[in-house]
There are 2 protein chains.
Amino acid sequence: MSEISRNGVGGGGQSGRIGIGLELDDIHMKILEVLRENGRISVAALAERVGISRASAYTRFEALRADGAIKRFTAEIDHVRAGLGITALIFVTVRQQMWKQFRAELARMPEVEYCAITTGQHDAMIQVRVADVAAVHTMVTDRLANIPAVKATETVFILDEVLKRPYVLPSDHEHDRDRDPGQGRGRSARRPAGEAQGGDVPLGKMRFVGAAEGRAALQKDL
Amino acid sequence: MSEISRNGVGGGGQSGRIGIGLELDDIHMKILEVLRENGRISVAALAERVGISRASAYTRFEALRADGAIKRFTAEIDHVRAGLGITALIFVTVRQQMWKQFRAELARMPEVEYCAITTGQHDAMIQVRVADVAAVHTMVTDRLANIPAVKATETVFILDEVLKRPYVLPSDHEHDRDRDPGQGRGRSARRPAGEAQGGDVPLGKMRFVGAAEGRAALQKDL
DNA sequence: GTTGAAATTAGTACGAA
DNA sequence: TTCGTACTAATTTCAAC
């Protein structure tokens with residue numbers, strides 16, 4: 001229980017890339033599948049569900065944590081129940097070469113649950129959870145607007161969260177019903193999906209939005 | 001252990017609203033704080049960290065699950081490690097009164113990790129995790145575009161996930177260092193944050209985007 | 001990588017404050 | 001309600017195969 005034992009780099013930095021650790025095989029994937037749905041399952045029960053022995057389950061479990069494939073275990077909490085009924089998305093345009101400052105300020109905002117740097121019209125999207133709409137206004141108006149790095153914002157409210165999956169895994173994509181243990185369809189059997197048979201697309205109703213001002217290369221600059 | 005014992009409605013539907021269950025006090029909040037950071041902590045250790053007895057911890061733990069405040073426990077998985085290195089946001093404009101179909105189709109797409117209905121220019125935002133950029137293109141072009149409910153899409157790529165907090169809680173907002181156990185600042189002591197002192201906002205560089213076509217009221221129609 | 005043991009710990013039920 | 005204890009059942013660790 002308690003802390004991680006032999007975890008040198010595992011759940012380290014915010015978005016730190018770690019060198020390629022272990023090769024994830026089918027059993028690893030199955031473990032992840034079980035764990036994302038029931039993070040509190042015992043390793044013994046996990047072993048049974050995956051079809052391996054207890055000792056192996058412990059070994060693999062530890063390996064996945066140490067490797068960083070499993071970053072942490074968390075409880076999914078009902079925001080409304082917790083008193084934060086309002087969720088909003090704020091799209092931010094960041095002034096060039098002020099990303100570092102933007103990031104630093106962001107870390108100081110506890111109401112921010114998620115922030116991603118995106119291509120497209122805006123530079124970043126942040127998701128906030130607050131108690132009421134006034135708090136959104138306060139946040140955008142007082143906090144964000146006062147950050148020099150923030151050039152402009154655009155706010156939308158989330159009316160309903162239609163679906164929220166724990167974590168998507170490659171095994172979800174290919175709907176294998178027939179299990180072939182000896183086949184080893186681990187990392188390689190995933191078909192590239194590049195052979196798009198897209199011939200009967202109705203019209204050009206979709207739009208891909210590339211990076212504005214060639215900002216894409218700037219992500220390391222943070 | 002496994003399933004919830006006295007859970008009548010608890011972790012029921014996707015977005016089902018449940019009647020007000022238990023009043024969450026400070027200790028409940030502390031439990032949630034610990035659990036969102038370490039979902040696999042033992043109840044004994046949890047009791048110690050929160051400062052209550054084991055028996056109480058078990059009772060409250062169960063109550064939080066039964067109430068639905070804790071929806072589930074999950075493992076945070078490294079998508080890149082799992083083989084899904086590409087994350088994209090797809091903003092979808094949905095044809096009116098075809099929400100039900102849109103939702104149904106969405107449920108059949110395993111690469112969708114999150115979908116929210118929003119105000120603003122678009123109607124919904126979906127986040128997908130796939131192996132490569134080609135898969136994004138395939139998905140938008142073949143899958144989404146072929147859904148009648150989808151009027152238009154706009155896709156942006158996520159270049160970096162700056163921060164991802166397990167779950168935001170009200171207690172994060174007010175940085176209480178001084179603990180006053182007898183004061184009971186549970187749900188009520190949260191200040192409305194409405195008194196915005198926003199006087200020195202530089203300029204009108206922020207924008208609030210309301211619902212398009214009065215769609216806001218339509219969310220129950222799904 | 002697997003099985004089977006021992007030691008520890010977790011979960012439950014009860015009474016008392 | 002909450003706490004503390006004892007009891008039962010489960011898990012984890014460690015050994016040998």
Side-chain angles (χ1 to χ4, degrees), chain A residues 1-7 10 21-35 37-67 69-70 72-75 179-186, chain B residues 1-7 10-11 20-35 37-67 69-70 72-75 179-188:
Chain A
M1 68 303 306
S2 66
E3 296 311 314
I4 309 149
S5 50
R6 57 178 175 108
N7 184 2
L22 71 161
E23 279 277 322
L24 302 180
D25 59 14
D26 296 355
I27 295 168
H28 284 123
M29 284 302 179
K30 287 192 80 173
I31 291 173
L32 294 181
E33 276 176 57
V34 174
L35 248 30
E37 282 170 16
N38 185 4
R40 275 186 84 86
I41 194 172
S42 70
V43 183
L46 176 68
E48 197 177 24
R49 286 195 55 179
V50 173
I52 54 174
S53 70
R54 266 123 336 168
S56 296
Y58 276 104
T59 308
R60 285 171 174 272
F61 183 88
E62 265 260 353
L64 284 168
R65 292 210 62 167
D67 179 63
I70 298 173
R72 86 214 303 181
F73 291 93
T74 184
R179 295 174 61 254
D180 283 297
Q183 198 50 29
R185 47 158 176 75
Chain B
M1 71 313 292
S2 65
E3 294 311 314
I4 308 147
S5 51
R6 57 180 176 104
N7 184 2
I20 3 89
L22 71 161
E23 278 278 322
L24 301 180
D25 58 16
D26 296 355
I27 296 169
H28 283 124
M29 285 301 179
K30 287 193 80 172
I31 291 173
L32 294 181
E33 276 176 56
V34 173
L35 248 30
E37 281 170 17
N38 185 3
R40 272 185 87 84
I41 194 172
S42 70
V43 183
L46 175 69
E48 195 177 24
R49 286 196 55 177
V50 174
I52 55 175
S53 70
R54 272 184 288 238
S56 296
Y58 275 105
T59 308
R60 284 171 175 272
F61 183 87
E62 264 261 351
L64 284 169
R65 291 209 62 165
D67 179 62
I70 298 173
R72 88 212 303 181
F73 291 93
T74 185
R179 294 174 62 253
D180 284 298
Q183 197 51 28
R185 45 157 177 78
R187 297 190 66 112
S188 47

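Letters A, B, ... mirror the listed sequences (proteins, then strands); counts begin at 1.
Atom CD1 of B:Ile70 sits about 4.5 Å away from atom CG of B:Leu35, to the nearest 0.5 Å.
Candidate nucleotides D:dT2, D:dT12, C:dT2 were compared by shortest atom distance to the side chain of A:Ser53, and C:dT2 ranks first. Here the nucleotide nearest the side chain of A:Tyr58, chosen from C:dT3, D:dT12, C:dA13, is D:dT12. Distances from the side chain of B:Val43 to the nucleotides C:dG11, C:dT3, D:dT12 place C:dG11 closest. Comparing D:dC3, D:dT12, C:dT2 against the side chain of A:Ile52 picks out C:dT2 as the nearest.
Residue B:Arg60 places at least one side-chain N or O under 4.0 Å from the OP1 or OP2 atom of D:dT2.
Among the protein residues, A:Arg40 comes within range of no part of the nucleic acid, since none of its heavy atoms lies under 4.0 Å from any strand.
DNA chain C is contacted by both A:Ala55 and B:Ala44; A:Ala55 maps to the nucleotide lying nearer its 5′ end (nearest heavy atom per residue).
More than 12 heavy atoms of other residues, nucleotides or ligands shown are found within 6.0 angstrom of CZ on B:Arg72.
A heavy-atom distance below 4.5 Å is not found between the side chains of A:Lys30 and A:Ile27.
Put simply, CZ on B:Phe61 is 20 Å from C1' on D:dC3, counting in whole angstrom units. To the nearest angstrom, P of C:dA10 lies 18 Å from CD1 of A:Ile41. Across the protein-nucleic acid pair, B:Arg54 atom CZ and D:dC3 atom C1' stand 11 Å apart, rounded to whole Å. Taking atom CD of B:Glu62 as the reference point, atom P of C:dA10 lies 17 Å away to the nearest angstrom.
Formation of a donor-acceptor pair under 3.5 Å by the A:Arg49 side chain with backbone atoms of A:Ile31 is not found in this model.
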